[in-house]
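Start at 1 with the first residue, then count along the sequence. Values below: all heavy atoms of this structure, side chains included; hydrogens, waters and symmetry mates excluded. Counting starts at 1 for both ligands and their atoms, in listed order.
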Amino acid sequence: MTKIVPQPGIMDIALYQGGAAHVAGVTNVVKLSSNENPIGPSPRAVSAMQDEAAKMHRYPSSDHMALRQAIGDVHGLDPDRIICGAGSDEIIAFLCQCFAGPGDEVLYTEHGFAMYRISALAAGATPVEVRENERVTDVTALLAGCTERTKLVFIANPNNPTGTMISEAEVARLADGLPKGALLVLDGAYAEYVEGFDAGAAVINARDNVVMTRTFSKIYGLGGARIGWGYGPRALIDVLNRVRGPFNVSATALAGAEASVRDTDYVDHCRAENAKWRTWLADALAEVGVASDTSCTNFILARFSSQAEAEACDLYLQSQGLIVRRVAGYNLPTALRITVGDTDSCRRVAQAVRDFKNGAGA
Ligand SMILES: *Cc1c(COP(=O)(O)O)cnc(C)c1O
């Protein structure tokens, strides 16, 4: 009798629940549950990916030089310190695989992104959740949560699903206070939504214990292409490249991402539209008694008076064809995360929440 058992930690991973996309029996559904760009990818990215499709019998570049160069040009970073992955999820997985194992601790915050825990467990490490301060990353608590076993500390800045962010000085204080041998990871999935923000590049450049992860899935509208990147000290990027498969990123994804990152006018347009409708939506919700923290991202964390009210509102929104995200799994049972959609979607959400608050769906 053989007994085939997975590695310790693997069975502690709960299957990831993606944002829903359909409601049975309801048409004209809008998906506001995965923080996707409602405007879609840059037309230049679409055309670059179409051109690439005709050449799909060829393996893609394995050094991703053209994309790393484009990212370096646009963001003022050294291409030799950039690594590309199948989404930033893959970079997060590489970080855990390379720097944490059995007996090591991986820290993240109480409302932190699900992949930190999943990738820590997949590497056999121990995930450690640290409290936040009213839905804001608490650097003092993170530093207090560190031990000599801490190997990785993940924060998303701005964070998902809270939408809040901490200052560069706070990020630097965190980096400088970590135990020796611990690496700080700045997840910048929403960094492009913050005008003029370097996502922590200056903090990284002045130290040897900080890296960042970035994605093309959010403002660039390429979630379906699966492409992201990381930046950090050259020695650490070199480590990650050892576990990276040579053809981990498809040729279409590389072409789409390169065209996207160079189309800075399009990114500026998406950022401005998002900011405008985010403010409009937050104000409309506040008017009917649904509070939210000022968001630095492309979503709003709408707070209700109880878990029952949040769930009832979610059901009513679904009946109106509006799919938002429940975040009880992120220790936020009384809230709903609502992606800032296009004009029509924002108006529909505001109207539906208003109707719900006035007794509809009860
Ligand atoms: C959406 C998101 C990502 C992006 O993941 P990809 O694998 O690049 O699609 C990473 N981190 C956070 C916090 C996110 O919300």
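Where the criterion is an N or O separation shorter than 3.5 Å, residue side chain and backbone included, Arg226 meets it with respect to ligand 1.
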Output, in order, the C-alpha distance, side-chain angles, deciding distance and verdict of side chain to side chain contact (heavy atoms under 4.5 Å, CB included) for Val349 and Ile338. CA-CA 9 Å; Val349 168; Ile338 307 172; 4.2 Å; yes
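Of the heavy atoms in Phe216, none comes closer than 4.0 Å to ligand 1. Counting heavy atoms closer than 4.0 Å to ligand 1, residue Asn160 contributes side-chain atoms (C-beta onward) but none from N, CA, C or O. Here Met115 has no heavy atoms under 4.0 Å from ligand 1, in either its backbone or its side chain. If you look at Ser88 next to ligand 1, the close heavy atoms, those under 4.0 Å, come from the backbone and the side chain alike.
For Asn160, the side-chain contact (heavy atoms from CB on, under 4.5 Å) criterion is met by Asn35, Phe113, Tyr190, Phe299, Arg337, not counting sequence neighbours. Checked against side-chain hydrogen bond (donor to acceptor under 3.5 Å, both in side chains), Thr215 has the following partners two or more places apart in sequence or in another chain: Ser217.
Salt-bridge annotation for Arg262 and Asp73: present, with a side-chain N of the basic residue lying under 4.0 Å from a carboxylate O of the acidic one. Salt bridge annotation for Arg234-Asp238: absent, with no cationic side-chain nitrogen under 4.0 angstrom from a carboxylate oxygen.
Within the structure, ligand 1 lacks Gly228 among the residues with a heavy atom less than 4.0 angstrom away. Distances from ligand 1 to the non-hydrogen atoms of Asp187 include at least one value under 4.0 Å.
In this structure, Met56 and Thr252 have side chains that are in contact, with non-hydrogen atoms separated by less than 4.5 Å.
Remark: ligand 1 atoms within the under-4.0 Å shell around heavy atoms of Lys218 are 1 (C), 2 (C), 3 (C), 4 (C), 14 (C), 15 (O). Near Ser217, meaning under 4.0 Å from one of its heavy atoms, ligand 1 places the atoms 6 (P), 8 (O), 9 (O).
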